[in-house]
Number of protein chains: 2
Amino acid sequence: MSTTTPIFPPISEPSFPPPSQGAGATGATAATAAPRPPLNPEKLCSQLGWKVTAARRAIFKAIDKLDGYFDAEVLLVQAKKLHPAVSRATVYRTLPDLCSNGILRSTEFGDGHYRYCRHDPDAPPTAEIYVVDCGRILKVPAPFLSWYAATVTERAGYELIGQRLQTFARCVKKKEDVNACGSCEHQPAAVAPAPMR
Amino acid sequence: MSTTTPIFPPISEPSFPPPSQGAGATGATAATAAPRPPLNPEKLCSQLGWKVTAARRAIFKAIDKLDGYFDAEVLLVQAKKLHPAVSRATVYRTLPDLCSNGILRSTEFGDGHYRYCRHDPDAPPTAEIYVVDCGRILKVPAPFLSWYAATVTERAGYELIGQRLQTFARCVKKKEDVNACGSCEHQPAAVAPAPMR
DNA sequence: GTAGATGCAAACGCTTTGCGCCGCG
DNA sequence: CGCGGCGCAAAGCGTTTGCATCTAC
C-alpha cells in the first residue's frame with residue numbers, strides 16, 4: 001500500500017468540448033453535495049485487495065457519517081466512536097490509500113490542514129469553496145471545469161491529469177448580519193478545533 | 001506583523017462579464033511568467049511600514065533571483081548567499097507577511113510543501129500547473145478565471161474573495177521521450193530536494 | 001533611546017514509521 | 001498457518017516561537 005497523503009485530483013469529467021455559450025452561468029442553484037451510497041467494506045476491500053478488518057469497517061462508516069470535507073483528526077474521533085481501538089496510525093495509513101485509489105480526494109487550503117472528501121469519478125467536476133467566516137468547506141458543481149483546465153494546460157504544452165479549483169469566499173448572510181453564519185445552512189464544520197489560524 | 005503562511009489568493013482581475021464566446025480557447029501560447037520589476041527594499045519597506053534591514057534586503061533580492069515558484073528552504077539558501085547571517089526564522093517570518101501584503105502568493109500541491117511566487121495584482125489571473133514528471137510549477141494565464149470562480153461561488157450564495165486553479169499535468173515531450181524533461185524549456189525547479197515523495 | 005527585527009535553539013503539530021503482536025482468509 | 005494489518009510510541013520534518021541581543025530610525 002502506498003505512503004503519503006496526496007494524489008493528483010482526478011479529472012472526473014469526460015473531457016468536454018468548448019461549450020457553445022460560455023462556461024457556466026446557467027443551470028441549477030448550487031448546494032453542498034449529492035447523496036452517495038455508503039462505502040461497503042466487503043466490496044471496497046476486495047476491490048482494493050485489502051483484508052476486511054474492524055478498523056477499516058469503522059473508518060469507512062465514519063467517512064459515511066462525516067459526509068463532506070473532514071480532516072484526519074475528526075475522522076479518527078468518529079472512527080473511535082464506532083471502534084475505540086482504531087489508532088491514529090491506521091487512520092493516517094488509510095487516508096492516502098483511499099485517495100490514491102480514487103475513493104477520497106484530498107485538499108489543502110493553506111492552513112496546513114489536509115481535508116478529505118468522498119470522490120465520485122462519474123460526477124461532474126466540482127470547485128471547493130472555503131468559507132472564510134467559519135472555515136467550512138463546500139463542494140459545488142463547476143461545469144466544464146476540466147475542459148477549462150485542460151485548455152489552459154494544453155495551451156502551455158502539457159497534458160492534463162487532474163485539476164482543482166479552490167475558491168475563498170465570504171458568506172453573504174454573514175455580511176448582512178455579523179452574528180449570522182452560526183445560522184447558515186452549512187453543515188457543522190467537520191474539522192478539528194483550529195481552523196483558520 | 002502577522003503569523004502564519006497562508007493568505008487567500010487575491011482575485012487579481014477586475015471581475016469580468018461572461019465572455020461572449022466561451023471562456024478560453026483563444027489567444028496566446030502560454031509561457032512561464034512575465035518579467036517583473038525587482039523588489040525595491042526602501043520602497044517596499046516604507047510601503048509596509050517595515051524597517052529596512054540587511055536580512056530583508058537579502059530576502060528581497062533572493063526572491064528576485066528565484067523568479068518563479070520557490071519554497072522557504074530554497075529562499076533561505078539564496079538569501080544566505082547574499083547575507084550569510086539571515087536565519088531560517090527570519091525567512092519564515094517574512095514569507096507570510098509578504099503574502100498577506102499581496103507581494104507574494106503561496107500555494108500547496110499536496111506534497112506538504114508551501115511554494116511562493118511573486119504576485120502582481122494588475123496581471124490577469126493565472127493557473128498553476130504542477131508538472132508531475134519533474135515537480136516543477138508553472139504559471140500560465142487563465143483568462144476569465146476569476147469571473148468563472150465568482151460565478152460558481154456566487155451561485156452557491158457566497159461572495160468571492162480569491163481563487164486558485166491548480167492543474168496537474170504531464171509534459172508532452174516527456175511522453176514522447178522518456179528521458180526528456182531534463183531538456184524541457186522549464187527553468188530548473190526552485191524547490192528543495194524532495195519534490196514528489 | 002526605543003520599538004521593532006533578528007538569530008538561535010527549543011518547541012510545535014501534523015504526519016510517518018519501526019516494531020512486535022494479532023487476526024483475516 | 002502465514003502474511004497483511006494493527007496499535008503503540010517514537011521519530012520526522014517543515015514551520016513557529018520565546019528570548020536575549022541588536023539596530024534602524
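Since we're looking at a predicted model, the values are computed, not measured. Each chain gets a letter, A, B and so on, in the order the sequences are listed, and its residues count up from 1.
- In plain terms, the two heavy atoms of B:Pro125 and B:Phe144 that are nearest each other are CG-N, 4.5 Å.
- Computed from coordinates, the B:Asp97 CG to C:dG4 P distance equals 14 Å when rounded to whole Å.
- Sparse packing is recorded around NZ of B:Lys61, with 12 or fewer heavy atoms of other residues, nucleotides or ligands lying under 6.0 Å away.
- Both B:Ala72 and A:Lys80 lie close to DNA chain D; mapped to their nearest nucleotides by heavy-atom distance, the more 5′-ward contact belongs to A:Lys80.
- Ring pair A:Phe109/A:Phe168 is perpendicular by interplanar angle, where above 60° counts as perpendicular and below 30° as parallel.
- Over its length, the helix from C:dG1-D:dC25 to C:dG25-D:dC1 turns its helix axis by 30°, as judged from the five terminal pairs at each end, rounded to 10°.
- Whole-Å rounding puts the A:Arg115 CZ to C:dC14 C1' distance at 13 Å.
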Summarise how protein sits on nucleotides 18-25 of chain D as a single string, 5' to 3': B when a protein heavy atom is under 4.0 Å from the base, S for sugar-phosphate-only contact, - for no contact.
B-----BS
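- Nucleotide C:dA10 holds its P atom 14 Å from the CZ atom of B:Arg88, rounded to whole Å.
- To the nearest angstrom, P of C:dT15 lies 10 Å from OH of B:Tyr114.
- Here A:Arg118 pairs with A:Arg36, A:Leu39, A:Ile63, A:Asp64, A:Leu104 under the side chain to side chain contact (heavy atoms under 4.5 Å, CB included) rule; sequence neighbours left out.
- The closest side-chain donor-acceptor pair between B:Gln163 and A:Tyr130, if any, does not fall under 3.5 angstrom.
- Between B:Phe60 atom CZ and C:dA5 atom C1' there is a gap of 12 Å when expressed in whole angstrom units.
- Put simply, B:Thr90 has a side-chain N or O that comes within less than 4.0 Å of OP1 or OP2 on C:dG7.
- Applying the salt bridge (charged side-chain N to carboxylate O under 4.0 Å, His left out) criterion to A:Glu128, with sequence neighbours excluded, gives A:Arg105.
- For the pair B:Leu95 CG and C:dT6 P, the interatomic distance rounds to 12 Å; values are reported in whole Å.
- Between the CZ atom of A:Arg57 and the P atom of C:dC24 there is a distance of 9 Å, rounded to whole Å.
- At least one side-chain nitrogen or oxygen of A:Arg56 sits closer than 4.0 Å to the OP1 or OP2 atom of D:dC6.
- The side chain of B:His83 lies closest to C:dG7, out of D:dG7, C:dG7, D:dT15.
- OP1 or OP2 of C:dT15 has at least one side-chain nitrogen or oxygen of A:Tyr92 nearer than 4.0 Å.
- Between B:Val140 and A:Tyr158 there is no side-chain heavy-atom pair separated by less than 4.5 Å.
- Applying the side-chain hydrogen bond (donor to acceptor under 3.5 Å, both in side chains) test to A:Ser87 and every residue at least two apart in sequence or in another chain returns A:Thr90.
- Atom CD of B:Glu108 is separated from atom P of D:dG14 by 13 Å (rounded to the nearest Å).
- Legend: residues meeting side-chain hydrogen bond (donor to acceptor under 3.5 Å, both in side chains) with A:Thr153, ordered by chain and number and at least two apart, are B:Thr167.
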